[in-house]
Amino acid sequence: MADITHWADVVADEVLKKGKKHRVATGITPSGHIHIGNMREVVTADVAYRALLDRGAEAEFIYIADTYDPLRKVYPFLDESYARHVGKPLSEIPCPCGEHKSYSEHFLEPFLVALEHLGIHPTVYRADELYKKGLYTDAIKTALKKRDEIAAILQKLSGKTPADDWSPFNPLCNACGKINTTRVNGYDLDAETVDYTCSCGDRGTVPMKGGGKLTWRVDWPARWKALGVTVEPYGKDHASRGGSYDTGQAITKEIYGYEPPFPIVYEWIMLGNEGAMSSSTGVVVSISDMLKVVPPEVLRYLIIRTKPEKHIRFDPAQPLLNLVDEFERLHQMDDPGSYESRMIELSHAAGLCHTDIPFKHMTTIYQAAGGDFERIMNIVERAGYDTKNRKCIKELADNVGNWLDMYAPTFAKFSVRDELPVQASSLSDMQRTFLSSFADILVDSGELSGEDYHNLVYSANDPASELHARMAAALGAKSGEMKVEPKDMFKAIYISVLGQQSGPKAGWFLSSLEKDFLIRRFRDAAGYRP
RNA sequence: GGGCUCGUAGCUCAGUCAGGCAGAGCGUCUGGCUUUUAACCAGACGGCCUAGGGUUCAAAUCCCUACGAGCCCGCCA
């Protein structure tokens, strides 16, 4: 297809038909670690926002943290002491680590930091502050007045009949601090107060300002109007018929007289083959973990390359390498106006830090250097890469190191063994002879480059070479008649250094190791007969 | 039971809105790079577009049905 329009631009075009001024909103409840799945919502919104700006729209981007939602249960990552906080708004619960202002800030703060890294800069609102400031007061009054109409909408669209004592407003109990245990008994529109009884036995009166919260199905449409939201992505959990977008759409039109925002429904992110990512099942990769491992652009790219309504299969092990590879390749293409370059634009995050070293290559450099940064720099320099941007190389090396620690499959890992690997006992006579002759030559030679090592290994099969001659002499064979398989020689090297049959490109790999070490190791291996 | 979304090469996905020759990357294979296993370059292989029906001069694309996957319908992001 010659002309592919990125989905974000399609969305922008669609949205622009409705007007030039837009406010893109997104909201996540900080009830637990905010993971890659949640990130899809924010990145989706950000990309739509950027596309709107690029098309000349007057656009804003806001993020509402639902800090006023009650804690639903004691999550697996919480200790039992949190049982008494179940039902209280997240903003009113103590922080699990004691270092943040509240429970919600504990989870929100790292998320906001991650947003910065991802180049996402929304205006951040906290729901508890909005309620306490009175932003929702009008909406609360309307909702209380039109309680029956709202109940009828919910009944009609979702098929569920709200209980007789149902109210769109959930008061916050003065005594126990819970928000989901109270019942509304009455209200005073002039005084802006609501009367309640609580299952804890308390009864009293709370202000509409900060004394409670609209139930979710009403809170959402009320927020659209109060904040002027015109575009909002949301997970498919809200998207089914009778779901909260459906009822919200009706409530905002019929109760609040406001047009619902343009919907962008997005699918879940599946983790490897463990299923959908979700905090409650514990199938979670947190954003900060991911940022330890890959640059933010790659994370954005992961989300941007797939249309929102398709699910994304995400696997932080081997497939992550392919993703990075693909991104790096894309990055090198320079074809302005193409679909590919549009994706690069949309992947753009905060302060670009670029090196020309591929992630994949760094995984071998890193391991050859045993993770030591000075040695990494030496290898990088010898390999001919640009070493001016030391900080970026350090970032890349850190990412790679974390990836190797956290996610790398075993076949991608190797380590230079401190002791001669026992596998050396399986070496053939030919291989042993090769290793010892190879070591002898190393003793007499100066510094060898990667290519020198490479050629030296192959020279074993060249009758005119010194290596070949030495091997023939040692084996008592005639020079021209000895047949040497380079493949087996490579194996001998890998076995004696790594204890495995294969490894990274032999030439530069050997050149990244100390020559004295190689001589010693090859001689040990050649003579190893347990 | 009702609903939403998805199903395209071995894998990950574009292309479906607006019908017009079936696409990309990865993997695999072959060749090249002075002889490389996990660098690089070139090429090839690879498809009943989940299945069946319908509309059309023409369908991966639109309509209906079935199957498969995931999720929602419990006021629970």
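In what follows, chains carry the letters A, B, and so on, assigned in the order in which the sequence lines appear, proteins first and then strands, with residues in each chain numbered from 1. Keep in mind that this is a model prediction, so the values were computed, not measured.
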Touch class at under 4.0 angstrom, heavy-atom based, for A/Y234 against every strand present: nothing

A/K310, nearest nucleotide to its side chain (from B/rA38, B/rG25, B/rU8): B/rU8

Backbone of A/S428 reached by a side-chain donor or acceptor of A/Q431 within 3.5 Å: yes

Whether A/Y234 side chain and A/Y266 backbone form a donor-acceptor pair below 3.5 Å: no

Side chain to side chain contact (heavy atoms under 4.5 Å, CB included) involving A/P421 - partner list, sequence neighbours excluded: A/R417, A/Q423, A/R521

Quiz item: A/R241 side-chain donor-acceptor pair to B/rC4 base, under 3.5 Å: no

Sugar-phosphate only, base, or nothing, as touched by A/D69 at under 4.0 Å among non-hydrogen atoms: base

Main-chain N/O of A/A8 paired with A/H6 side-chain donor or acceptor, under 3.5 Å: yes

Whole-angstrom distance between B/rU55 and B/rG43, as gauged at atom P: 44 Å

Verdict with supporting geometry, A/R223 and A/D219, salt bridge (charged side-chain N to carboxylate O under 4.0 Å, His left out): CA-CA 6 Å; A/R223 172 197 301 174; A/D219 176 286; 3.2 Å; yes

Rounded P spacing from B/rU12 to B/rA58 in Å: 34 Å

Interatomic distance, A/L323 CG vs B/rC11 C1' [rounded to whole Å]: 14 Å

Sugar-phosphate only, base, or nothing, as touched by A/R217 at under 4.0 Å among non-hydrogen atoms: base

Nearest-nucleotide 5' precedence on RNA chain B, A/T364 against A/P162: A/T364

Among A/T433, A/L456, A/L518, the one residue meeting side chain to side chain contact (heavy atoms under 4.5 Å, CB included) with A/F438: A/L456

Nucleotide B/rC17, atom C1' - distance to CZ of A/F262 in whole Å: 11 Å

Sugar-phosphate, base or nothing in reach of A/K236, heavy atoms under 4.0 Å: base

Nearest listed nucleotide, side chain of A/K307, among B/rU16, B/rC72, B/rU35: B/rU16

Distance, rounded to the nearest Å, where A/K491 contributes NZ and B/rA38 contributes P: 12 Å

Rounded distance (Å) that lies between atom C1' of B/rC26 and atom CG of A/L320: 14 Å

Sugar-phosphate only, base, or nothing, as touched by A/T215 at under 4.0 Å among non-hydrogen atoms: nothing

Residue whose closest nucleotide on RNA chain B lies nearer the 5' end, A/I312 versus A/T363: A/I312

Sugar-phosphate, base or nothing in reach of A/L154, heavy atoms under 4.0 Å: base

Selection from B/rG74, B/rA14, B/rG3 that lies nearest to any side-chain heavy atom of A/K160: B/rG74

Distance-only donor-acceptor hits, side chain of residues 361-371 of chain A, under 3.5 Å, sequence neighbours excluded:
unit_1, atom_1, unit_2, atom_2, d
A/H361, ND1, A/Y385, OH, 2.7
A/T363, OG1, A/K360, O, 2.4
A/T364, OG1, A/H361, O, 2.7
A/Q367, OE1, A/F414, N, 2.8
A/Q367, NE2, A/T363, O, 2.9
A/Q367, NE2, A/A412, O, 3.1

Sugar-phosphate, base or nothing in reach of A/H311, heavy atoms under 4.0 Å: sugar-phosphate

Spacing between A/H238 atom NE2 and B/rG70 atom P, to the nearest angstrom: 21 Å

Between C1' of B/rG10 and CD of A/Q318, the distance in whole Å: 16 Å

Exercise: do A/T247 and A/R217 side chains pair donor with acceptor under 3.5 Å: yes

Neighbours of RNA chain B within residues 248-255 of chain A, by heavy-atom distance under 4.0 Å: none

Proximity to the side chain of A/Q500 - top-ranked nucleotide from B/rU12, B/rA38, B/rG25: B/rA38

